[in-house]
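First up is the structure itself, then whatever we jot down about it.
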Amino acid sequence: MKRPYRIHFIAALLALPFGACQEEKADSSSNESSTVSDSNAIKEEPFGTIDGQEVQLYTLTNENGVVAKIMNYGGIVVSFIAPDKDGNLADVVLGFDSADEYVSKESPYFGCIAGRYANRIAKGKFTIDGKEYTLATNNDPNHLHGGDKGFDKRIWDAEPKMTPDGPSLKLHRVSPDGEEGYPGNLDTTVTYTLTDDNGLKIDYEATTDKPTVLNLTNHSYFNLGGHGSGTILDHELMIAADRYTPIDATSIPLGDLPSVEGTPFDFRKPTPIGARIGEDNEQLKNGLGYDHNFVIKDSRDGKLQLVATVHDPDSGRLLEVESDEPGLQLYVGNFLPKDDPMQGKDGKTYGYREAFCLEAQTFPDSPNQTQFPSPVLRPGETYHQTTIYRLGVK
Ligand code: BGC
């Protein structure tokens with residue numbers, strides 16, 4: 001895959017030392033050097049207390065001074081800081097200043113690992129091998145993002161490590177049999193690696209001791225102009241999908257996979273997110289805007305491919321998303337507050353449609369829709385997923 005803009009990005013970085021950046025500074029003390037030593041590449045600091053347990057924030061810095069901050073509560077990506085076309089740094093994901101605020105402000109899944117089953121399961125019910133399971137209907141009348149206390153609200157064991165690909169953070173947790181109603185002890189590892197081509201690579205792995213269903217994703221809310229910089233409606237989005245999964249009024253897929261051709265869901269060529277969002281379209285009404293799963297073209301198990309790009313013409317920042325998953329949920333902050341914006345990090349506020357999520361996943365409600373790729377994981381099998389969010393400029 002050719003990525004000419006990466007060359008421009010590196011050229012911009014070389015042309016402008018971080019000392020000259022105006023908005024924010026990279027969290028690295030060795031900006032002049034072309035390599036980052038291990039001690040500068042990974043930092044660990046306390047980030048608050050949840051359920052009486054101290055939460056740690058891990059700051060990963062790559063050779064270019066790009067920074068990803070991740071905490072072990074919810075595996076949440078708290079910050080992702082990268083330059084614009086002029087070298088000015090900004091944090092391009094929404095979040096809060098401390099772990100506690102994610103609880104007290106009822107974070108709408110900012111940056112987290114969503115699981116065990118990201119997205120919705122109709123009426124919170126599914127059947128495996130003839131046995132019915134009942135989950136929380138925390139998004140009335142459906143189950144959403146793993147239930148009342150999903151993977152986003154758990155403290156994970158964390159192991160930061162320098163790797164040949166860049167600084168990384170390995171998160172591990174065993175979700176006990178029956179947790180949130182799901183069967184099987186689920187042993188899950190999620191590894192974040194900040195690569196030297198400015199990708200935040202997320203590798204997921206899981207095994208179970210009973211047949212279960214699983215759908216893991218990352219729920220980062222991006223604004224390529226910088227968090228709190230206004231709406232994302234001008235961002236130009238490309239999704240490599242000829243088809244999508246239309247939904248009913250409760251956001252459960254209807255089951256068919258119609259073509260995007262001639263609809264506001266055709267993002268095969270880069271198109272501003274806001275260009276068609278106000279059209280009189282039943283699907284846009286059901287999702288209150290874009291809140292839909294796209295069927296990734298030519299997706300095959302284990303094949304990592306470019307599934308989406310987003311370009312912000314103002315800042316020049318470009319996000320590339322690569323994944324081996326068959327689906328991609330586009331959500332554009334339709335439920336961020338319209339009137340009374342949320343107070344976020346660094347004194348910034350977040351309102352309606354001021355961020356987008358691109359959640360690599362299997363299809364929503366697939367435990368109940370056998371025509372969709374199966375989300376069932378059985379003992380002896382290993383679930384694998386890789387998704388990369390890569391930042392550059394164009
Ligand atoms: C869902 C939205 C939901 C949001 C929660 C998205 O993944 O598709 O419907 O409101 O998560 O923040």
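Numbering starts at 1 and runs along the sequence shown. Note that ligands are numbered from 1 as they come in the structure, with each ligand's atoms numbered from 1 the same way. These numbers come from the heavy atoms of this one structure, side chains and all, not from hydrogens, waters or symmetry mates.
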**OP:** Show the protein residues that qualify under the rule heavy atom under 4.0 Å from an atom of ligand 1, listing them in chain and number order.
**Re:** P108, Y109, R120, H145, H219, Y221, D291, Q329, Y331, F335, E359
Subject >> Partners passing salt bridge (charged side-chain N to carboxylate O under 4.0 Å, His left out) against D266 (at least two apart in sequence or in another chain) >> reply: R268
**OP:** Under the side chain to side chain contact (heavy atoms under 4.5 Å, CB included) rule, collect the residues that match up with D129, sequence neighbours excluded.
**Re:** P211, R378
Subject >> Pairs where residues 50-91 contributes a residue and the test ring pair (Phe, Tyr, Trp, His ring centres under 6.0 Å) is met, not counting sequence neighbours >> reply: none
Original post:
Hey, which of T362, T245, N119 is the one that makes side-chain hydrogen bond (donor to acceptor under 3.5 Å, both in side chains) with N293?
Top reply: T245
Original post:
A90 and G226: which non-hydrogen atoms are nearest, and at how many Å?
Top reply: CB-CA, 4.1 Å
**OP:** Check T208 against L377 and note the closest heavy-atom contact, atom names and distance.
**Re:** CG2-O, 3.5 Å
